[in-house]
Amino acid sequence: MPSALDGIEKSATEVEELTRQLNHHAHCYYVLDAPELPDAEYDRLFQRLQALEAAHPELIRPDSPTRRVGAPALEAFEAVRHAVPMLSIRTETDTEASGAAAFDARIRRELGLSELDPPVPYVAEPKFDGLAMSLRYEHGVLVQAATRGDGEVGEDVTHNIRTIGQIPLRLRTPEGASAAQSVPPVLEVRGEVYMRRDDFEALNDRQRARMAAGTKGEKTFVNPRNAAAGAVRQLDPAIAAERPLSFYAYGVGEVSGPQAGGPVWATQWELLQALRDWGFPVSDLACVAMGAPELVAFHQRLAAARDTLPFDIDGAVYKVNRLDQQRSLGFVTREPRWAVAHKYPAQEQLTTVLAIEVQVGRTGKLTPVAKLAPVFVGGVTVTNATLHNEDEARRKDVRVGDTVVVRRAGDVIPEVVGVVPRVGDTAPDGTPWPPRGEPYTAPSHCPVCGSVALREEGEVDTRCTGGLFCGAQRKQAILHFAQRRAVEIDGLGDKLVEQLVDAHTVRTLPDLYRLGLVALAGLDRMADKSARNLLAAIEQSKHTTLARFLFGLGIRHVGEATAKDLAKHFGRLDAIMGATPEEAASVEQLLAVRDVGPVVAQSIHTFFQQPHNREVVEQLRACGITWPEGEGTADQSTPQLLAGMTVVLTGTLPTLSRDAAKDLLEAAGAKVSGSVSKKTSFVVAGSEAGSKLDKARELGIEVLDEAQLLARLAQP
Ligand code: IVH
């Protein structure tokens with residue numbers, strides 16, 4: 001007869017086995033991103049464990065995955081004294097790549113190395129923008145998680161940290177583990193708790209939905225770091241569990257064990273591998289870097305990758321790899337000498353909103369823009385930041401007088417991320433809070449031309465209905481047409497266009513080609529020489545390509561790539577616009593162009609139906625704008641006369657711009673190269689050609705002028 005004790009023993013074995021399995025699958029799912037079980041099967045095992053634990057609470061193990069959820073809310077956090085203080089690291093103030101070289105130079109000096117000694121090995125890691133955390137494992141089981149606090153004393157946040165699936169509840173001991181991988185009786189793992197950007201966006205979306213549903217107390221977070229900090233310091237673990245956090249391990253605190261001489265790893269790199277083997281996420285970006293040049297290369301690589309990473313970083317961290325060297329370097333006050341944080345320019349800063357203005361875009365879109373007290377962010381001084389549209393401005397509730405977080409990441413236009421809540425009597429800069437302005441509403445009329453502004457059903461944007469009657473739209477249409485990637489009128493910048501439009505000298509694009517010296521010389525800051533240069537640039541822009549011309553017209557939804565596709569597909573402008581509106585390419589015909597969908601096709605069709613647009617195009621052609629017809633139609637008519645050839649352009653050509661010449665050569669199948677070699681097929685030289693021309697002569701390579709090039713391209 002089986003006794004009750006047998007039953008308990010069986011259950012105990014099953015609880016142990018389920019705990020082990022579930023922890024293994026959590027590691028596969030959260031850390032390795034490679035689940036071995038369908039979710040439903042995981043859930044089934046989990047529920048089985050929950051049921052067993054409910055029946056036999058005495059069997060609940062300290063590393064049970066059921067303990068990740070359901071802990072009761074706390075009154076307050078307990079203080080935790082760190083066995084080994086949590087240090088901070090020195091920040092290199094030079095945010096340029098040279099900062100890495102300065103660190104290496106200091107380390108070499110302090111290690112007493114001469115120029116003849118080999119490079120110092122370092123580990124280079126990302127500097128994760130989250131919160132430092134110390135995770136204490138006793139006999140392999142997570143017993144406590146503590147924040148950094150002041151470095152000596154932090155807060156016990158174990159209940160929240162347990163909810164992070166990436167953090168092992170029990171250290172893994174791989175089969176055949178070596179001594180380095182076996183588990184010390186006490187191990188404190190140090191690392192960063194952070195929130196991924198996608199998790200952050202999803203969290204804010206949920207918070208907004210709740211606000212809309214009228215649930216009290218739901219606010220959005222300004223950035224992933226704040227959201228992570230809020231989640232970690234939540235007294236209610238149920239709320240923390242809803243705010244998905246992630247973790248990267250990068251170091252250790254207290255380590256005790258039979259290895260009396262301390263841990264058996266000899267380098268930071270080996271330590272990272274041991275942490276990975278124990279089941280922690282360790283960044284794949286971390287690497288060994290030999291000496292200053294490799295640190296500099298890491299810094300640059302990481303900076304280039306920064307905006308594409310799924311999480312925020314604020315710099316790189318360099319650590320001397322060898323622990324014996326770390327020990328001999330030691331500490332200065334509270335910072336290790338062997339590590340440095342090499343920051344990137346901050347992408348977010350606080351500033352105040354001085355005004356909210358409305359800008360009119362090229363297509364009439366009205367964009368609310370916050371005018372800001374100047375602030376240095378993302379490497380530049382920012383005074384304007386977009387609020388995108390009316391809904392966004394209201395959602396963020398940005399008003400004059402507010403302190404806001406501005407963000408400038410990469411080359412993206414600066415934006416207002418959110419408003420800093422008014423807590424206490426003074427703003428973060430110490431001054432009393434200024435009065436708040438009114439909530440933003442889109443204007444009913446265009447602030448530039450006074451035309452009615454409309455927001456159509458289902459659209460987020462309010463638009464000026466003035467079209468090219470609107471000075472703002474006209475100015476931008478001209479700048480768009482004149483830009484380098486369109487017909488390229490070198491020297492026609494916004495200040496000039498501003499004056500030309502305001503003085504009514506230029507109303508439409510063709511007016512540009514009717515400008516004379518007299519009109520130009522009368523303008524502000526326009527010397528005779530610049531006027532002549534501008535006229536020459538205007539003249540030069542007459543020789544262009546169909547793709548550039550189409551792009552320059554500023555047809556809605558027609559960017560550079562679409563313009564190229566159109567030119568290639570149709571070959572001739574007449575095939576697109578027809579002799580009359582009725583003969584213009586139909587939506588169906590336009591849909592046959594690669595990558596052109598219904599919205600784009602409709603927009604192009606509508607554009608060429610408008611008599612005033614057709615008039616502009618006709619006049620431009622009458623002013624002498626030309627391009628080689630049939631250009632770019634590789635699949636139709638451009639003969640690949642230069643297929644397989646490598647051509648070098650040098651000097652200034654009399655009519656073609658550098659880009660236009662390049663386009664022509666490429667359309668004919670040539671590769672355009674920047675330097676002359678034996679492989680160069682021929683060189684096209686204009687005035688003031690320098691060393692490339694000499695080199696071509698030296699190598700006996702054929703040299704053509706523009707006319708000869710055009711003649712060669714025109715061959716049947
Ligand atoms: S090592 C003794 N490595 O930066 C060295 N820190 O001021 C201890 N951090 O509080 C830190 N990424 O929160 C280290 N890969 C990394 C890091 C990192 C982010 C944070 C950490 C620490 C602060 C250093």
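All figures in this text were calculated on a predicted structure; none of them were measured in a lab. FYI, the numbering just counts along the sequence from 1. Both counts, for ligands and for their atoms, begin at 1 and track the order of listing.
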message = What protein heavy atom lies closest to atom 3 (N) of ligand 1? Include the residue and the distance to one decimal.
response = Lys319 NZ, 3.0 Å
task = Check Pro336 against ligand 1 and report side chain, backbone, both or neither, counting heavy atoms closer than 4.0 Å.
result = side chain
remark   = heavy-atom search around atom 15 (N) of ligand 1 in the protein gives Glu125 OE1, 2.8 Å
remark   = of all protein heavy atoms, closest to atom 4 (O) of ligand 1 is Lys127 NZ, 2.9 Å
message = As a quick check of understanding, evaluate salt bridge (charged side-chain N to carboxylate O under 4.0 Å, His left out) for Asp63 and Arg162, giving each step before the final call.
response = CA-CA 10 Å; Asp63 60 337; Arg162 270 189 205 288; over 6 Å; no
query = So, do Asp314 and Lys343 sit near enough that their side-chain heavy atoms are less than 4.5 Å apart?
reply = yes
query = Do Arg276 and Asp284 touch side chain to side chain, with heavy atoms closer than 4.5 Å?
reply = yes
task = Measure the distance from atom 8 (C) of ligand 1 to every protein heavy atom, then report the residue, atom name and distance (to 0.1 Å) of the closest one.
result = Leu87 O, 4.0 Å
query = Contact between Pro126 and ligand 1, counting heavy atoms under 4.0 Å?
reply = yes
ask   = Is the shortest side-chain N to carboxylate O distance from Asp397 to Arg395 below 4.0 Å?
value = no
task = Heavy-atom distances under 4.0 Å are what count here, so tell me which part of Phe128 touches ligand 1: side chain, backbone, both or neither.
result = both
task = Could you tell me how the ring of Tyr318 sits relative to the ring of Phe298: parallel (under 30°), tilted (30 to 60°) or perpendicular (over 60°)?
result = perpendicular
task = With rounding to the nearest 0.5 Å, note down the distance linking CG in Asn223 to CG in Asn204.
result = 9.5 Å
key: Carboxylate-amine/guanidinium contact Glu348 Arg408, below 4.0 Å   = no
note = Going by the 4.0 angstrom heavy-atom rule, the piece of Ile89 near ligand 1 is both
message = I'd like to check which ligand 1 atoms, numbered from 1 as shown, lie under 4.0 Å from a non-hydrogen atom of Ser88.
response = 7 (O)
key: ligand 1 contact by Arg190, heavy-atom criterion under 4.0 angstrom   = no
